[in-house]
Amino acid sequence: DMRNDQRSARVVRSIIDLGHHLDVAVVAEGVEDAETLQILRALGCDRAQGYHIGHAEPAADVVDRLRATA
């Protein structure tokens, strides 16, 4: 819980920094609330996924939605 544990936040920051030093985009998984997403953004995380952003759904539904907006 990096929101309440500084050691955890330091580990997350280190992982993000390592990814950037290796020239790769960093994706956080399992983001479940706005506060965590805000912290990840502040730490420089490139992308995120999780229930806060969108719930899992069948691939066919995603394809249909994308086709409808194209």
Side-chain angles (χ1 to χ4, degrees):
D1 181 15
M2 67 177 187
R3 294 173 302 159
N4 300 309
D5 180 6
Q6 288 301 311
R7 289 184 70 186
S8 294
R10 282 187 234 131
V11 169
V12 172
R13 178 185 296 274
S14 296
I15 292 168
I16 292 169
D17 289 345
L18 175 63
H20 290 162
H21 282 94
L22 295 172
D23 295 321
V24 297
V26 178
V27 180
E29 296 183 353
V31 178
E32 296 188 8
D33 58 69
E35 185 180 1
T36 300
L37 181 58
Q38 183 179 30
I39 293 168
L40 288 165
R41 285 180 176 156
L43 294 174
C45 189
D46 301 301
R47 305 268 189 280
Q49 70 86 32
Y51 285 124
H52 175 69
I53 297 161
H55 293 271
E57 60 185 302
D61 293 350
V62 175
V63 170
D64 290 344
R65 189 174 62 252
L66 291 173
R67 284 184 179 148
T69 60

Which ILVMFWY residues can you reach from Ile15 by hopping between side chains whose heavy atoms are under 4.5 Å apart? Val11

Which ILVMFWY residues are connected to Val12, directly or by a chain of links, through side-chain heavy atoms under 4.5 Å apart? Met2, Ile16, Val26, Val31, Leu37, Ile39, Leu40, Leu43, Ile53

According to the salt bridge (charged side-chain N to carboxylate O under 4.0 Å, His left out) rule, which pairs have a member within residues 39-49, sequence neighbours left out? none

Atom CD of Gln38: over 12 foreign heavy atoms under 6.0 Å: no

Spacing of Asp1 atom CG and Glu35 atom CD [to the nearest 0.5 Å]: 8.0 Å

Got more than 12 heavy atoms from elsewhere within 6.0 Å of CD, Glu57? yes

